[in-house]
Amino acid sequence: QVELVESGGGTVQAGGSLRLSCAASGSIFSINNMDWYRQAPGKQRELVADITSGGTTNYEDSVKGRFTISRDNAKNTIYLQMNSLKPEDTAVYYCLAEGIVLRGLGHVGDYWGQGTQVTVSS
């Protein structure tokens, strides 16, 4: 019904930048919030940033001023521009689409992407 595909991960040196993308596909009528989470080895998954359908954003404290989340509602896609990357940003980054409504089916709930690895070397 719905597929979320992340891209843009990779390996970068500290201080560098990466831009992640997450595209949702399917017969989507609307999506409520869309989020970026990350999970480092041995740690719990944590919220990095989220954005409402209206464009209101929220950031985890450690990424404020360095990361920017944006959204293209026409493409059901979100982005995460990550600047001034630090080794502690190393993790698998996942996107979450909340409150999906499909044409003809209605509310189908929340969907996760498969994740993309971000590695920051010191």
Side-chain angles (χ1 to χ4, degrees):
Q1 291 178 331
V2 177
E3 184 178 21
L4 269 67
V5 178
E6 297 111 332
S7 60
T11 300
V12 65
Q13 288 189 332
S17 299
L18 285 173
R19 187 184 191 227
L20 306 183
S21 300
C22 171
S25 61
S27 297
I28 297 171
F29 176 75
S30 65
I31 303 174
N32 194 1
N33 286 13
M34 296 187 77
D35 316 327
W36 285 103
Y37 280 76
R38 66 186 178 188
Q39 188 166 19
K43 295 187 176 181
Q44 288 189 329
R45 193 172 296 190
E46 65 173 359
L47 177 66
V48 175
D50 58 48
I51 185 167
T52 69
S53 57
T56 300
T57 59
N58 174 61
Y59 296 92
E60 192 268 329
D61 284 346
S62 70
V63 307
K64 285 180 180 177
R66 300 188 298 123
F67 291 10
T68 302
I69 188 171
S70 59
R71 177 170 178 167
D72 184 336
N73 287 330
K75 296 180 179 180
N76 293 317
T77 299
I78 58 169
Y79 307 93
L80 187 68
Q81 178 66 43
M82 304 185 294
N83 298 327
S84 302
L85 281 160
K86 304 175 180 180
E88 50 264 44
D89 295 317
T90 295
V92 178
Y93 283 70
Y94 299 89
C95 70
L96 170 65
E98 298 183 68
I100 297 174
V101 177
L102 294 182
R103 294 184 176 86
L105 288 177
H107 287 271
V108 295
D110 306 340
Y111 280 76
W112 287 91
Q114 82 288 351
T116 185
Q117 176 71 47
V118 171
T119 302
V120 184
S121 61
S122 58

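In what follows, residues are counted from 1 in the order of the sequence shown.
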Novice: Please determine if Lys86 and Asp89 form a salt bridge, counting it only when a charged side-chain N lies under 4.0 Å from a carboxylate O.
Specialist: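 So Lys86 does not pair with Asp89 through a salt bridge.
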
Novice: Indicate, with yes or no, if Tyr59 and Leu85 share a hydrophobic cluster defined by side-chain heavy-atom contacts under 4.5 Å among Ile, Leu, Val, Met, Phe, Trp and Tyr.
Specialist: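 Yes, one cluster joins them.
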
Novice: Roughly how far apart are Asp72 CG and Ser70 OG, rounded to 0.5 Å?
Specialist: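 The OG atom of Ser70 is 8.5 Å from CG of Asp72, to the nearest 0.5 Å.
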
Novice: If we only count heavy atoms from C-beta on, is the Thr77 to Tyr79 side-chain gap below 4.5 Å?
Specialist: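 In short, these two side chains touch, coming nearer than 4.5 Å.
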
Novice: Rounded to the nearest 0.5 Å, how far does CD of Gln39 lie from CD of Glu46?
Specialist: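 Atom-to-atom, Glu46:CD and Gln39:CD are 9.5 Å apart.
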
Novice: Calculate, to the nearest 0.5 Å, the distance between atoms CG and OG1 belonging to Asn33 and Thr57 respectively.
Specialist: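 That separation rounds to 11.0 Å.
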
Novice: Test your reading of the model: is there a side-chain donor-acceptor pair from Asp110 to the backbone of Gly99, 3.5 Å cut-off?
Specialist: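 Present.
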
Novice: By salt bridge (Lys or Arg N to Asp or Glu O under 4.0 Å), which residues pair with Asp35, not counting sequence neighbours?
Specialist: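 With neighbours one apart ignored, the set is empty.
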
Novice: According to a hydrophobic-cluster definition based on side-chain heavy atoms being under 4.5 Å apart (Ile, Leu, Val, Met, Phe, Trp, Tyr only), do Met34 and Val5 belong together?
Specialist: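 In one cluster with Met34: Val5, no.
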
Novice: Can you get from Leu18 to Tyr37 by hopping between Ile, Leu, Val, Met, Phe, Trp and Tyr side chains that sit under 4.5 Å apart?
Specialist: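 Not linked; separate clusters.
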
Novice: So, Arg71 side chain and Thr52 main chain: donor-acceptor pair closer than 3.5 Å or not?
Specialist: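 Between the backbone of Thr52 and the side chain of Arg71 there is a qualifying donor-acceptor contact (under 3.5 Å).
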
Novice: Show the nearest heavy-atom pair for residues Ser122 and Pro87, with the distance to one decimal.
Specialist: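 Looks like CB-CG, 3.8 Å.
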
Novice: Do Leu47 and Glu60 have side chains that approach each other closer than 4.5 Å (heavy atoms only, starting at C-beta)?
Specialist: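 Leu47 vs Glu60: side chains apart.
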
Novice: Look at the side-chain heavy atoms of Ile, Leu, Val, Met, Phe, Trp and Tyr, link any pair under 4.5 Å apart, and say whether Tyr94 and Tyr111 land in one connected group.
Specialist: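 No, separate clusters.
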
Novice: Aromatic contact between Phe67 and Trp36, with the criterion being ring centroids under 6.0 Å apart: yes or no?
Specialist: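 Not under 6.0 Å, so no.
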
Novice: Can you measure from CG (Leu4) to CD1 (Ile100) and round to the nearest 0.5 angstrom?
Specialist: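 Taking CG in Leu4 and CD1 in Ile100, the distance rounds to 6.0 Å.
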
Novice: May I ask you to decide if Ser25's main-chain N or O and Asn76's side chain share a donor-acceptor pair within less than 3.5 Å?
Specialist: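 Not confirmed, Asn76 side chain does not pair with Ser25 backbone.
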
Novice: Hydrophobic clusters here meaning ILVMFWY residues chained together by side-chain heavy-atom distances under 4.5 Å, can you tell me if Val92 and Leu20 are in one?
Specialist: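 Result: no, two separate clusters.
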
Novice: Quick check: do Ser17 and Gln81 have side-chain heavy atoms less than 4.5 Å from each other?
Specialist: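 SC-SC contact between Ser17 and Gln81 confirmed.
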
Novice: Quick one: does any side-chain atom of Arg45 pair with a main-chain N or O of Arg38 as donor and acceptor, under 3.5 Å?
Specialist: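 Not confirmed, Arg45 side chain does not pair with Arg38 backbone.
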
Novice: Would the number of heavy atoms belonging to other residues, nucleotides or ligands and lying under 6.0 Å from NZ of Lys43 be above 12?
Specialist: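 No, the 6.0 Å shell around NZ holds no more than 12 heavy atoms from other groups.
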
Novice: For the CD1 atom of Ile51 and the CD1 atom of Ile69, what is their distance to the nearest 0.5 Å?
Specialist: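 It comes to 5.5 Å.
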
Novice: Distance from Gln114 atom CD to Glu6 atom CD, nearest 0.5 Å?
Specialist: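 Gln114 atom CD to Glu6 atom CD measures 4.5 Å (nearest 0.5 Å).
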
Novice: If only atom types and distance count, is the side chain of Thr90 paired as donor or acceptor with the main-chain N or O of Val120 below 3.5 Å?
Specialist: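 Yes, the answer is positive, given that a donor and an acceptor are paired below the 3.5 Å cut-off.
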
Novice: Can you name the nearest heavy-atom pair linking Ala49 to Leu80, along with the distance?
Specialist: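 Reported closest heavy-atom pair: CB-CD1, 4.4 Å.
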
